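Taking it in order: structure first as structure tokens, then the write-up.
Computed from a prediction, not measured in an experiment: that's the story for all the values here. All residue numbers in this chain count up from 1 along the given sequence.
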Amino acid sequence: MHSGAGVIAMRLVHVVSGVLWVGSVAFIAALLLPALRATGPASGAVMQQMGKRIPPLMLTTSLLTVLSGLGLYARDSGGFSSSWMRSGQGLTFGTGGILALIAVIHGMAVNSPTGKRMGMLAAGMERAGGPAQPEQMAEMQRLQARLSRATTLAAALLVSAAALMGVARYVR
């Protein structure tokens with residue numbers, strides 16, 4: 001693949017996977033988690049499905065976005081030239097990249113384990129067959145609140161990263 005086509009392919013992967021990643025996290029933070037929290041115990045089946053489907057989506061889109069972004073950054077910087085990296089454009093792209101990396105690390109350290117615990121708790125509550133025990137409900141509410149805060153932070157980081165990426169080419 002010649003370099004022009006390679007850059008186009010890398011940019012296409014970066015933009016499409018980034019849109020899916022940022023959009024998914026923003027949707028989850030702003031709409032899905034508040035709706036699930038409002039439905040209480042009835043959200044258990046949805047939480048189980050989310051626990052199966054969302055982690056692979058987040059892993060795939062975040063890795064594709066970050067890796068293709070790193071490739072684009074290396075190319076634009078001329079192999080990580082310090083003078084370009086200190087330019088307005090380099091600093092803006094770099095800051096956006098750092099925010100995205102923080103979101104990835106935060107997602108792996110907080111969001112993913114919290115979501116897994118919620119799924120396991122929901123499955124246990126469903127297997128029990130009767131009404132949820134007060135301690136189970138309290139734990140689910142605590143986990144939902146933690147996931148909501150963590151996802152809101154991830155959404156803020158990713159929207160900020162996307163905004164920086166969107167304007168970086170115009171910063172001098």
Find out if a path of hydrophobic residues (ILVMFWY) with successive side-chain heavy-atom gaps under 4.5 Å connects [X] to [Y].
{"X": "Ile54", "Y": "Val22", "value": "yes"}
{"X": "Leu153", "Y": "Ile98", "value": "yes"}
{"X": "Val25", "Y": "Leu99", "value": "no"}
{"X": "Ile28", "Y": "Val46", "value": "yes"}
{"X": "Phe93", "Y": "Val171", "value": "no"}

Test side-chain contact (heavy atoms from CB on, under 4.5 Å) applied to Leu33 and Gln144, step by step: CA-CA 8 Å; Leu33 289 177; Gln144 285 176 339; over 6 Å; no

For [X] and [Y], work out which heavy atoms get closest and say how close.
{"X": "Gly96", "Y": "Ala161", "result": "O-CB, 3.3 Å"}
{"X": "Pro113", "Y": "Val110", "result": "CD-O, 3.3 Å"}
{"X": "Pro34", "Y": "Ala29", "result": "CD-O, 3.5 Å"}
{"X": "Thr61", "Y": "Leu57", "result": "OG1-O, 2.8 Å"}

Using modelled atom types and a 3.5 Å cut-off, is there a donor and acceptor pairing between side-chain atoms of [X] and backbone atoms of [Y]?
{"X": "Ser24", "Y": "Trp21", "answer": "no"}
{"X": "Thr95", "Y": "Thr92", "answer": "no"}
{"X": "Thr151", "Y": "Ser148", "answer": "no"}
{"X": "Ser77", "Y": "Ala74", "answer": "yes"}
{"X": "Ser160", "Y": "Ala156", "answer": "yes"}

Looking at [atom1] of [X] and [atom2] of [Y], how far apart are the two atoms once the value is rounded to the nearest 0.5 Å?
{"X": "Met58", "Y": "Leu20", "atom1": "CE", "atom2": "CG", "result": "8.5 Å"}
{"X": "Met50", "Y": "Leu36", "atom1": "CE", "atom2": "CG", "result": "5.5 Å"}
{"X": "Gln89", "Y": "Leu91", "atom1": "CD", "atom2": "CG", "result": "10.5 Å"}

Does a salt bridge link Asp76 with Arg169, judged by any charged N lying under 4.0 Å from a carboxylate O? yes

Against Leu121, only a single residue in Met118, Arg117, Met125 fulfils side-chain contact (heavy atoms from CB on, under 4.5 Å); can you say which? Met125

Counting C-beta onward and ignoring hydrogens, is there a side-chain heavy-atom pair between Glu139 and Arg142 closer than 4.5 Å? yes

Is the shortest side-chain heavy-atom distance between Leu147 and Asn111 below 4.5 Å? yes

List the steps, then state whether side-chain contact (heavy atoms from CB on, under 4.5 Å) holds for Thr65 with His14. CA-CA 5 Å; Thr65 303; His14 185 69; 3.7 Å; yes

